Amino acid sequence: MGRILRLHSIFIKQDLKKIMEYKVDFLLGAVGFLLTQAVQILCLGIIFASIPALCYMVDGQVVDFWTFEEVLFIYGFSLIPKGIDHLLYDNLWGLGYWIVDKGDFDKYLTRPLDSWIYVLCEKFCVDAFGDLIVGIALIVYSMCAMPAEILANMSAWRIIPIVVIMPFAISIFTSIKTGTAAISFWTKRSGHITHMCYMTNEFAKYPAKIYNTFVKTFITYVLPFALTAYYPAIYLLRGEEWWSLPVTVGMAVVLFLISQLIWRRGINAYESAGS
């Protein structure tokens with residue numbers, strides 16, 4: 001583990017040096033990301049300017065609802081595990097789009113380190129700080145705007161379990177990217193599959209109850225991004241959906257094992273890029 005951490009720190013330093021060489025490119029990327037998030041939040045604000053709350057109804061009766069501040073909290077919370085995964089493990093995108101297709105994966109097989117670990121450690125995405133900054137800002141703003149009684153109930157007994165499951169929430173993102181990117185060992189390119197699956201996390205920025213049964217089940221048990229955002233966020237706010245915490249751990253472990261199985265079998269099927 002110490003060796004892996006040292007290797008990761010070396011790659012981080014190298015990526016930071018690259019960023020310093022192309023400061024304008026980094027700044028434009030950061031501004032573009034912030035504008036994208038700002039537009040989504042603005043649209044959310046416009047919607048809530050017309051409605052008092054986001055309601056969940058059964059047989060014409062309101063059985064649950066979420067205020068603008070609560071939805072902002074869920075939105076901001078969803079960016080934390082996503083941002084950490086983006087920061088540390090985003091090189092998996094390259095695997096699906098060009099690393100295997102160009103035959104560049106050969107170099108990982110000659111290194112004295114597990115190929116999956118090496119791919120993860122090779123890139124450090126500083127632009128992910130945009131995810132983290134926006135996420136933290138939304139959480140802080142929403143908490144300041146919430147009624148005092150909600151904050152009073154947010155005790156350490158709620159915060160500690162969320163901190164404990166956070167690595168598992170991050171692992172869900174990483175495992176989904178690993179499994180879909182590893183398909184490229186057979187197809188040469190699988191970035192579009194990774195993108196299709198990864199973008200499902202957009203559903204997790206809003207309360208899972210507002211979706212129909214199929215979508216809610218899909219984002220909870222198939223591509224379980226809701227377990228990284230809505231469920232832990234609503235547990236923090238209201239103490240509800242406590243069952244989702246052990247489910248998050250279980251789903252993270254299952255997805256990790258599946259992704260590693262696909263990766264190992266993909267390595268055996270890898271044929272480089274010879275003509």
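Just so you know, residue 1 is the first one in the sequence shown, and it goes up from there. These figures come from a predicted structure and were not determined experimentally.
Counting only heavy atoms from C-beta outward, the side chains of Ile234 and Phe77 never approach each other to under 4.5 Å. Counting heavy atoms from C-beta outward, Thr178 and Phe256 have side chains that stay 4.5 Å or more apart. Counting heavy atoms from C-beta outward, Trp242 and Pro161 have side chains that stay 4.5 Å or more apart. By the 4.5 Å heavy-atom criterion applied to side chains, Tyr108 and Ile99 are counted as neighbours. Looking at heavy atoms from C-beta onward, Tyr230 lies out of side-chain contact with Lys216 at the 4.5 angstrom threshold. With a 4.5 Å cut-off on side-chain heavy atoms, Pro232 and Thr248 do not count as touching. You'll find the side chain of Leu95 stays beyond 4.5 Å of the side chain of Trp116, heavy atoms only.
With sequence neighbours left out, the salt bridge (Lys or Arg N to Asp or Glu O under 4.0 Å) criterion links Glu202 to Lys82, Lys205. Scanning for ring-ring contact (aromatic ring centres under 6.0 Å, His included) contacts around Phe173 gives Tyr198, Phe225, with sequence neighbours left out. With sequence neighbours left out, Arg264 forms a salt bridge (Lys or Arg N to Asp or Glu O under 4.0 Å) with Asp114.
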Step by step, would you call Leu88 with Leu120 a side chain to side chain contact (heavy atoms under 4.5 Å, CB included)? CA-CA 7 Å; Leu88 299 175; Leu120 290 186; over 6 Å; no
Between Val254 and Tyr221, is the side chain to side chain contact (heavy atoms under 4.5 Å, CB included) condition met? List the steps. CA-CA 11 Å; Val254 169; Tyr221 300 108; over 6 Å; no
Check against side chain to side chain contact (heavy atoms under 4.5 Å, CB included), Phe168 and Ile172: CA-CA 6 Å; Phe168 295 96; Ile172 287 174; 6.0 Å; no
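Atom CH2 of Trp157 is surrounded by 12 or fewer heavy atoms from other residues, nucleotides or ligands within 6.0 Å.
Residues Tyr206 and Tyr211 keep their aromatic ring centres 6.0 Å or farther apart.
To the nearest 0.5 Å, atom CG of residue Leu132 and atom CD1 of residue Ile84 are 6.0 Å apart. Remark: Asp131 CG to Ile136 CD1 distance equals 10.5 Å, nearest 0.5 Å. Here the NZ-CZ distance, from Lys107 to Phe105, works out to 10.5 Å after rounding to the nearest 0.5 Å. If you take OG1 on Thr174 and CG on Asp90, they are separated by 9.5 Å, rounding to the nearest 0.5 Å. To the nearest 0.5 Å, the span separating CZ on Phe218 from CG on Asn212 amounts to 12.0 Å. Rounding to the nearest 0.5 angstrom, the gap separating the CG atom in Leu223 from the CZ atom in Phe203 is 10.5 Å.
By the criterion of side-chain heavy atoms lying less than 4.5 angstrom apart, applied directly or through intervening Ile, Leu, Val, Met, Phe, Trp or Tyr residues, Ile159 is not grouped with Val164; the two fall into different hydrophobic clusters. Note on Leu79 and Tyr235: same hydrophobic cluster, where clusters join Ile, Leu, Val, Met, Phe, Trp and Tyr whose side-chain heavy atoms are under 4.5 Å apart, directly or indirectly. Under the 4.5 Å side-chain heavy-atom criterion for grouping Ile, Leu, Val, Met, Phe, Trp and Tyr, Tyr270 is not connected to Leu261 through any hydrophobic cluster. Val100 is not connected to Met196 by any chain of hydrophobic side-chain contacts under 4.5 Å among Ile, Leu, Val, Met, Phe, Trp and Tyr, and they are in different clusters. Under a hydrophobic-cluster definition in which Ile, Leu, Val, Met, Phe, Trp and Tyr are linked whenever side-chain heavy atoms come within less than 4.5 Å, directly or via other members, Val247 and Ile160 are assigned to different clusters.
Across Pro81 and Thr228, no two heavy atoms sit closer than the pair CG-O, 3.5 Å. Shortest non-hydrogen contact noted between Pro207 and Ile74 is CG-CD1, 4.1 Å. Here the closest non-hydrogen pair linking Ser244 and Tyr231 is OG-CB, 3.3 Å. The shortest heavy-atom contact between Ser175 and Ser259 is O-CB, 3.3 Å. Pairing each heavy atom of Ile176 with each of Cys197, the nearest pair is CG2-CB, 4.2 Å. Across every non-hydrogen atom of Arg158 and Leu236, the tightest pair is NH1-O, 3.1 Å.
A donor-acceptor contact shorter than 3.5 Å links the side chain of Lys177 to the backbone of Tyr89. Put simply, the side chain of Asn91 gets close to the backbone of Val119: a donor and an acceptor are under 3.5 Å apart. Remark: side-chain polar atoms of Ser190 are paired, donor with acceptor, to backbone N or O of Ser184 under 3.5 angstrom. Looking only at distances, a side-chain donor or acceptor of Ser142 sits under 3.5 Å from a matching main-chain atom of Ile139.
Salt-bridge check for Lys209 with Glu240: failed, with every basic side-chain N at 4.0 Å or more from each acidic carboxylate O.
Between Tyr97 and Trp93, the ring-plane angle classifies as parallel under the 30° and 60° cut-offs.
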